[in-house]
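Pasting a structure below so you can have a look.
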Amino acid sequence: MQEATNDHEVERRALAVERALILLIGDLATRGVVSTDEAEVALQVIGGSSQASSARTSSALMLMRQLRRLRANDGAIAPGAAGCSSQES
């Protein structure tokens with residue numbers, strides 16, 4: 001009985017971490033801290049772990065495709081990252 005409870009708790013926490021990562025990746029890409037290319041790679045890694053994870057990442061991946069279109073199909077740019085440099089002149 002205790003083992004089943006522990007397994008359920010581990011699964012619940014893993015799901016919460018996955019959801020937090022998906023939100024964080026989406027927020028960082030939306031703010032331009034990471035490029036849409038980088039965000040898509042990270043989301044594909046998360047989504048590749050299971051069918052359920054794939055379903056959870058699908059809306060974030062759709063957002064990345066929309067961001068790419070808004071940024072003139074340049075998935076490599078990260079417009080908000082320019083001001084984050086620790087070595088500003």
Taking all atoms of both residues into account, what is the closest heavy-atom pair of Ser53 and Ser49, and its distance?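 Heavy atoms only, the tightest pair is OG-OG, 3.1 Å.
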When rounded to the nearest 0.5 angstrom, what is the spacing between CD in Gln66 and CG in Leu61?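 Answer for the CD-CG pair, Gln66 versus Leu61, is 11.5 Å.
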So for atom CD, which belongs to Glu9, do other residues, nucleotides or ligands contribute more than 12 heavy atoms lying within a distance under 6.0 Å?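 Above 12, so yes.
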Within-4.5 Å side-chain heavy-atom neighbours: Arg68 and Arg65: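 Not touching, per the 4.5 Å side-chain cut-off.
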I need the Arg71 CZ to Asn73 CG distance, nearest 0.5 Å.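 It comes to 12.0 Å.
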Are any of the side-chain heavy atoms of Val34 and Ile25 separated by less than 4.5 Å?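 SC-SC contact between Val34 and Ile25 ruled out.
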Euclidean distance, Asp37 CG relative to Ile77 CD1, rounded to 0.5 Å: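 If we round to the nearest 0.5 Å, Ile77:CD1 and Asp37:CG are 10.0 Å apart.
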Tell me, do Leu15 and Arg19 make a side-chain contact under 4.5 Å, heavy atoms counted?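 Yes - at least one pair of side-chain heavy atoms lies under 4.5 Å apart.
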Taking all non-hydrogen atoms of both residues, which atom of Gly75 and which atom of Ser35 are closest, and how far apart?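 Closest pair (atom of Gly75, atom of Ser35, distance): O-CB, 3.1 Å.
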Can you find a pair of side-chain heavy atoms, one from Glu38 and one from Val41, that are under 4.5 Å apart?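 When only atoms from C-beta onward are counted, Val41 and Glu38 do not touch, as no gap falls below 4.5 Å.
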Does the side chain to side chain contact (heavy atoms under 4.5 Å, CB included) test come out yes or no for Glu40 and Leu43, once each step is laid out? CA-CA 5 Å; Glu40 283 179 334; Leu43 290 168; 5.6 Å; no
Nearest non-hydrogen partners of Gly26 and Met64, listed with the distance: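 What the structure gives for the nearest pair is CA-CE, 3.9 Å.
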How far does CD1 of Ile22 sit from CD1 of Ile46, to the nearest 0.5 angstrom?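 Reported to 0.5 Å precision, the distance equals 5.5 Å.
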Tell me, please, which residues at least two apart from Arg56 pass salt bridge (charged side-chain N to carboxylate O under 4.0 Å, His left out).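 By the salt bridge (charged side-chain N to carboxylate O under 4.0 Å, His left out) rule, Arg56 matches Glu18.
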Atom CG of Leu21 and atom OG1 of Thr57: how far apart are they, to the nearest 0.5 Å?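 One finds 12.0 Å between CG of Leu21 and OG1 of Thr57.
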Working to the nearest 0.5 angstrom, can you tell me the gap between Asp74 CG and Thr36 OG1?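 So the CG of Asp74 and the OG1 of Thr36 are separated by 7.5 Å.
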